[in-house]
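Just below is one structure, and these are the notes that go with it.
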Amino acid sequence: MLELEDALTRILAGLPKLSTERISLNTAHRRFAAQTIIAPIDLPAFDNSSMDGYAVRAEDVALAGVENPVRLHVIGRVAAGESFSGEIASGECVRIFTGSPLPRGADAIVMQEDTRSDSNDTSEVEILDAVKPWENVRFHGEDVKRGTPLIQAGERMTVGRVALLAAMGLAEIEVTRRPRVALIATGSELKESGQRLEAGQIYESNRATLAPLIESAGGVLKIFPIVPDHPTTTRNALEHAFAECDCVITCGGVSVGEMDFVKSAFEALGGKLDFWKVAIKPGKPFVLGELGSKRLFGLPGNPISALVTFLLLARPAILHWQGATETGLEKHPGTLAEPLNNPGDRRHFIRVRSDANGRVFSAGIQASHALSSLANANGLVDLPPHSHLPAGATTTVLRWE
Ligand code: AMP
Ligand code: MG
């Protein structure tokens with residue numbers, strides 16, 4: 001039985017590289033940059049106004065006030081997207097708008113609200129307040145200098161990073177392709193939702209749980225029908241799934257029972273079992289298999305075991321395949337509102353609920369089939385073997401949503 005870290009290292013170290021592709025920035029959200037991206041231009045690209053108003057020479061209006069308006073001659077107008085070819089001399093100004101380039105000779109913008117003008121004569125304006133030199137001016141390159149690294153290889157494209165690259169005029173970026181992920185549920189007792197349950201049957205729920213998690217990790221998901229517990233059916237299903245996908249995630253059928261066919265069916269296909277069993281609870285019977293460059297992630301069938309092993313072992317692989325540098329779950333600090341115990345000899349990933357103040361509660365029944373507590377949970381706490389954490393202890397909550 002492997003420790004979790006060793007299992008994860010084995011999984012990630014062996015993953016083959018996937019090819020890269022150039023994609024439109026419009027579809028790049030949540031993808032991972034395959035290369036460092038360098039700023040091709042300065043941002044802003046030119047000095048410009050942050051206000052609607054008048055571009056002036058600050059010294060001309062240094063004494064301006066409501067009681068002491070300073071009258072300036074308006075020599076022109078520059079809208080956003082235009083440029084002004086002249087130069088402002090003493091006693092002159094230019095009508096300007098947010099984002100318009102700063103005319104030559106101007107060193108400040110007086111906001112429109114601090115001016116008074118006659119709508120019939122726009123050639124003159126009264127300035128009612130002083131401005132300091134460079135007030136309301138956005139400087140060329142003050143946000144980003146050309147040549148600055150913007151995004152490192154392996155970083156995820158967030159909304160903010162997409163915005164920055166769009167402002168830089170980048171239309172495409174290079175990313176690693178998303179792995180194709182097959183999802184299979186095994187078990188003769190499983191029924192599709194909407195069907196009538198016969199005695200002893202249950203509704204299949206793991207595919208619905210894992211599907212959004214696979215997609216949010218970047219996997220291109222292909223969901224397969226339920227596979228009954230039968231050696232040839234299992235083998236055929238795996239063969240079909242491996243033909244189409246980079247990895248196959250199965251749930252169920254990896255325990256020690258004589259009705260557990262995933263491992264033997266995978267070997268019958270020519271697959272090699274890399275390891276079986278990880279020292280965690282829930283999720284001990286997880287199995288990793290290799291079929292050439294493809295991978296089998298055999299999750300146990302109990303819903304919480306399937307979720308926990310997916311989050312701790314399969315999700316990092318889907319991310320690592322895409323070149324992601326960060327493959328773990330988000331960690332949030334918290335304080336236990338009640339004691340948590342792990343009397344067992346494996347790490348126990350406990351379902352918890354943490355509130356807005358970081359107070360962490362057990363989410364309810366911790367058995368690996370219990371879904372009420374999963375529905376109530378928003379994270380997991382990793383409890384070491386033979387440990388007792390008292391109320392008030394600081395802890396780390398692992399989050400998947
Ligand atoms: P197994 O790992 O196949 O031995 O399954 C362990 C337990 O999880 C059994 O009670 C199964 O009925 C249940 N189970 C297996 N697969 C699923 C599934 N896809 N959805 C809901 N329960 C499942
Ligand atoms: Mg089963």
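In each ligand, atom 1 is the first atom listed, and ligand 1 is the first ligand listed.
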Legend entry - Proximal ligand 1 atoms for Gly252, defined as those under 4.0 Å from one of its heavy atoms: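 With Gly252 as reference, the close atoms of ligand 1 come out as 1 (P), 2 (O), 3 (O).
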Are [X] and [Y], when compared by the centres of their aromatic rings, separated by less than 6.0 Å?
| X | Y | result |
| --- | --- | --- |
| Phe242 | Phe266 | yes |
| Phe139 | Trp134 | yes |
| Phe224 | His240 | yes |

Legend entry - Ionic contact status for Glu155 with Arg161, cut-off 4.0 Å: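 Answer for the salt bridge query: yes.
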Distance to 0.1 Å, residue and atom name: give those for the protein heavy atom nearest to [atom].
| atom | value |
| --- | --- |
| atom 7 (C) of ligand 1 | Asn302 OD1, 3.4 Å |
| atom 12 (O) of ligand 1 | Glu189 OE2, 2.4 Å |
| atom 18 (C) of ligand 1 | Asn206 ND2, 3.2 Å |
| atom 20 (N) of ligand 1 | Ser205 N, 3.0 Å |

Legend entry - Short N or O distance, Gly253 and ligand 1, threshold 3.5 Å exclusive: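 N/O-N/O distance under 3.5 Å: yes.
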Inset, instruction - Decide whether an N or O pair under 3.5 Å exists between Gly301 and ligand 1. - result: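 It does: an N or O of Gly301 is found under 3.5 Å from an N or O of ligand 1.
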Using a 4.0 Å heavy-atom threshold (strictly under), name the region of [X] that reaches ligand 1: side chain, backbone, both or neither.
| X | value |
| --- | --- |
| Ala185 | side chain |
| Ile202 | side chain |
| Glu204 | both |

Inset, instruction - Let me see the working for Ile38 and Leu150 under side-chain contact (heavy atoms from CB on, under 4.5 Å), right down to the final yes or no. - result: CA-CA 6 Å; Ile38 307 286; Leu150 301 177; over 6 Å; no
Legend entry - Pairs touching residues 298-321 that satisfy side chain to side chain donor-acceptor pair (under 3.5 Å), sequence neighbours left out: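 Listed once each, the pairs are Asn302-Ser368.
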Legend entry - Identity of the nearest option to atom 4 (O) of ligand 1, non-hydrogen atoms only, from Asp260, Ile226, Thr250, Leu299: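 Shortest heavy-atom distance from atom 4 (O) of ligand 1: Asp260.
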Legend entry - Exercise: do Asp47 and His140 side chains pair donor with acceptor under 3.5 Å: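 Checked: Asp47/His140 side chains show no N/O donor-acceptor pair below 3.5 Å.
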Legend entry - Partners meeting side chain to side chain donor-acceptor pair (under 3.5 Å) with Glu5 (sequence neighbours left out):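 Checked Glu5 against side chain to side chain donor-acceptor pair (under 3.5 Å); matches are Arg347.
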